[in-house]
Structures are given as structure tokens and as C-alpha cells.
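First up is the structure itself, then whatever we jot down about it.
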Amino acid sequence: MTIISIDFDAFYVSCHRSIDPSLRGIPFAVQQKHILCTVSYEARARGVKKLGSLSEARKICPEIQTVNGEDLTLYRAISRNVFAFLSDYLGTDTPIQKLGLDEYFIDITRVAAQPREQCDKQAQSQSHTQTHLVCAENRLTDSEEIYVSITADIRRQIYTHFQLTCSAGISNSVMLSKLVGNLHKPDNQTLLNVRSDAELQAFLDPFPLRKLHGFGRVVVDRLASLLGCENEDDLTVHSARTRLSLLDLEEEFGSRLGARLYHNLRGIDETVVKQSDIRPQQISIEDSSGKIDSAADAWAMLESVTERLVRRLDEEYATVDGGSGSNGRSRSVFELHPSRVRVSTRRTSTIPNTRVAAHVPESLSSAVGVSLFDIDRYTIEERARRLCRECLYSLTKKLYDAGVAHGANKLRVINVAFTDFVNGPPPAPIDKIIRSKKKTEVVHLSSSDDESVEGSEQEEDAIICPLCHAQLMSFTVESHMRFHELGD
Ligand SMILES: [Mg+2]
């Protein structure tokens, strides 16, 4: 297996620079709320820190320029174009897995095995000099020459088409490619050219565990407490590898994850690069606020999130279909249709020193109505408002009320997601009337008529009284809790 890991350099910054060249070569950052989420390498050289505040950055580097990056439309559009380009350029024989907006794993095993053309020679020698080697003293094999040349070619193509630079790692696995790709940034590529297990282990041993792909916070925390290690920086591959047996890891993490971690610590990773869908199977938008003190506050945030989500649905899934509408005019069509919409919340407890009980529902979903796809008749705002009226207001109120009943009503985050994408749109309302008259009723905000929310019946079970474990309907929660207060 030969895998390339690609990570774009300061992606948000580069996106802005690709459409506005005046931003190139200067200290520049992209800001979300008051935090600098991406910082150009020029600003980093001046000491500006990623995820630092704008006011701090201004003190160190007064001439730093910033743009607001809360709207992700530009980054998503460029990311989509890059992915479509790579898929097209590399062909179906080359699985490409996309992580977030700017990272890719590419399995080049089959491309690398194809016969090379002679004209590659010059490009090969060029890419050779640009490539960092983990073991400088090991001469490249013929196969490795090919890997570095393919990687250099991909990076060159990306730069030519998008004016974006990236850093790449090349090895025989996802984990190791990611690790070596991070060694030389920006605009560099690194090859793991070890020749023996001993060389590989010597390279891997000094790394802190959290630098390894697949060693997330939860895993590293558990390993740290298993080894009685307070400072995570001290927890290296070497210490975990030499002090934990396969049995120890299997006991702590179960046989599958335990065995995976055991092998990872020895540089063995069999993760397969999974071809990503060109279009995501779920899209979501969320927002947070410290000031949600009523269901109406929650609804206000819900409306703005829903509008942004509908806009994104159009950007990613709708295309104009020339001339296939009735009377031959062009109309907009969806390539895939989400069949459900989900509201999720995160909240903090209003009772000091307690956590929100695990059984308080955090998420409810419903089927979407057909009007969501009527893009030629309604504006984005109207479609968002309809979706809110059809189901989202009511789902959000249920979540809010369940929180109130559990002393956990301090909503902080609202996330709305379209899920379960299918080919065709949902049935038109007329079919629904035939199937079930009740399901076409309109939900009024103040109404407690929950029957009109299709698909919510099952989730209704999620509201359980924390004191007596009775199942409650959302509109009975308040009176039920009052009953406990009086009775106890
Ligand atoms: Mg990146």
C-alpha cells in the first residue's frame, strides 16, 4: 500500500488569497468571532498564534490584516472544486478520502504500479530535490522515485489550478503519512524511507502519542491515566509501547481497538483509504450563544441557522436544469434530497455543580416537507421559514421544555442538519392527505398538537422523568414535575 496524506497550508487564508492577490505575502489572518482561526505564515513568523485573539495579534503585529471567516461558503466551494478536480485527475482507480475541508488521504498503490512514461524523468529529478527524507542516508528506491514524483505532480496540479499550496506525507499507511506530512510545512513533501522495522521504530518512538492519527483525546487520556502519566507530552510512543502489553490494551479498550492501538505503536496501520462521496451525506450548520433564556430566543437562533442551512443545501445540491420544466423553461433541480431534518442542542445545567443528565434529549428529527425543494417558487428565506413552521419550531420547543423540566434549560448551541439523502423528493402533500389526514396539519407555535410532526412519535419516548422514570409527552413534562415538587 502507498498512501499520500495531503494537508492544505493555512487553507482559509489561501482561499482568500486565491481570489484577492493583494493579500499575498503579508501578515494576514481569518477571524471567527474574536479568534484568529487561520493565520498566514508571514504572521506566524511575527509571533501571531493560531487560535489567539485579534487584540493580542494587533499588539505583536499592528499591520496584520484580517477578514471575517464565519461564512464558510467560499472555503466549501473551493474545497468541493479541489475534490472534484482530484477525483477527475486521478481517476476511479485511486481512492480519495476527504477529511474536513482541506485534508485528503490518497491511495496511489495502483497508479504507482502503472508503467511510467519517459517524459516523467525530468519531473522526477525535480521532485526528488524537493522531497524531505526521514532517513537522509537511505537512497531512494525506484518505487520511491515514482511515489515522490506522483506526489509532486498532484501538488503542482493543485497549485496550477487553484493557486493553493499543500504539504504532503508519503508512506505505506494513513497514520504514518499523516505523521510525516506534518514534519515539513508549508509547501513541502516528506517521504518515510525507512528500510527496517528497527529504523521505523526508532523514528516513531520519540513522538508524543497525541501526534498520531487515530490517537484522539479520549484514547490518550485513558492511556495517560493507565500509565499514571500527568503530563501528556511525556507520554511518548516509546513509553506506551514498552510499558503496555497487548493484553493491557485489550483489557482497557476491548479487543478490536486494543489490538489496533498495539499495532499502531509499532508503526503498523491497516486503515484503508475510503473513497469519499463527492457530495456529503449530511450537512449541518450550528451557532452558539450565551443568551438563550426562553423558547423564543431559541427560535430566533433557529431561524438564522435554518436559513443558512437552506442556502447551503442550494449551493451544494441544486443545479439549473436547462429547458426541462413545463413550457420548456429552465428550472432548478436537486441532485439529491435530504429526507429528514434534525435539531440538536447542547446545554449547560442551571443547577450549580451538576452535569446535564444523560437522559435529557439533545436531538430530535422529523421528515422534511416537499416545499423545501420548490426553489423556483419560494425564496431561501421563505423555504427556511416554512421548514421552521412545519417542524423545527416544535422540535426545538420540545428540546427546550425537556431541558426546563430537568433544570438544564441553558441552551448554548443549536445545530440543524439535513440527513438521509435520497434521489427523489418527498411525496407531495396530496399523497400525504390520502395516506394520513392528520400529518398535513399545520403546527402553530403555541399549539401542543404534536401529532402533526411526522416522524416524531418515536422520539417522543426520549423524554423520561428523572425521578420516577415515567415516559412523558413533552406538553405534560411541566405539570408532571410540578406534581413531584408538591408530592415530595
Ligand atoms: Mg490544513
Side-chain angles (χ1 to χ4, degrees), residues 3-20 23-32 35-46 48-52 57 64 66-87 90 96-107 130-132 151-152 154-171 173-192 207-208 210-217 271 273-274 276 280:
I3 289 165
I4 308 175
S5 144
I6 287 188
D7 185 353
F8 284 72
D9 304 317
F11 182 63
Y12 290 2
V13 162
S14 309
C15 287
H16 288 284
R17 286 176 166 177
S18 73
I19 55 168
D20 182 358
L23 297 170
R24 290 184 193 158
I26 60 167
F28 168 60
V30 176
Q31 172 191 353
Q32 285 176 341
I35 300 294
L36 301 181
C37 60
T38 311
V39 176
S40 79
Y41 280 86
E42 293 82 356
R44 290 185 207 189
R46 299 278 302 272
V48 178
K49 292 264 180 302
K50 189 179 169 173
L51 301 182
I64 190 168
T66 61
V67 296
N68 186 306
E70 281 164 39
D71 180 356
L72 306 182
T73 308
L74 171 70
Y75 320 131
R76 284 204 195 95
I78 292 178
S79 172
R80 243 187 341 267
N81 292 343
V82 168
F83 184 43
F85 168 79
L86 285 176
S87 307
L90 294 168
I96 308 175
Q97 184 170 358
K98 189 169 181 241
L99 263 84
L101 292 177
D102 76 327
E103 286 185 36
Y104 299 87
F105 290 115
I106 305 177
D107 182 343
Q130 293 169 351
T131 303
H132 293 268
T151 309
I154 292 172
R155 292 174 50 237
R156 205 166 29 238
Q157 292 290 339
I158 292 172
Y159 187 75
T160 309
H161 286 83
F162 301 97
Q163 286 78 54
L164 297 172
T165 62
C166 58
S167 301
I170 312 157
S171 82
S173 75
V174 163
M175 180 186 82
L176 295 172
S177 297
K178 180 80 192 135
L179 187 68
V180 300
N182 285 336
L183 295 180
H184 299 282
K185 286 179 156 188
D187 200 14
N188 268 299
Q189 62 185 51
T190 308
L191 171 76
L192 181 63
F207 282 99
R210 60 193 167 74
K211 297 271 180 197
L212 297 193
H213 184 75
F215 285 69
R217 172 146 296 279
T271 310
V273 175
K274 223 174 102 220
S276 300

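Just follow the structure's listing: the first ligand is 1, and inside any ligand the first atom is 1. Predicted model, so just to flag it, every value in this text is computed and none were measured.
- With rounding to the nearest 0.5 Å, the separation of CD1 in Ile96 from CZ in Phe83 is 5.5 Å.
- For Phe85, the CZ atom is densely surrounded, since the number of other residues' heavy atoms within 6.0 Å is greater than 12.
- Excluding waters, the count of protein N/O/S atoms less than 2.8 Å from the Mg ion (ligand 1) comes to 3.
- More than 12 heavy-atom neighbours from other residues, nucleotides or ligands sit within 6.0 angstrom of NZ on Lys185.
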Derivation of the side chain to side chain donor-acceptor pair (under 3.5 Å) call for Ser276 and Gln97
CA-CA 5 Å; Ser276 300; Gln97 184 170 358; 5.6 Å; no
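- Residues satisfying the side-chain contact (heavy atoms from CB on, under 4.5 Å) test with Thr66, not counting sequence neighbours, are Ala29, Gln31, Leu36, Leu54, Arg58.
- Here the OH-CG distance, from Tyr104 to Leu86, works out to 6.0 Å after rounding to the nearest 0.5 Å.
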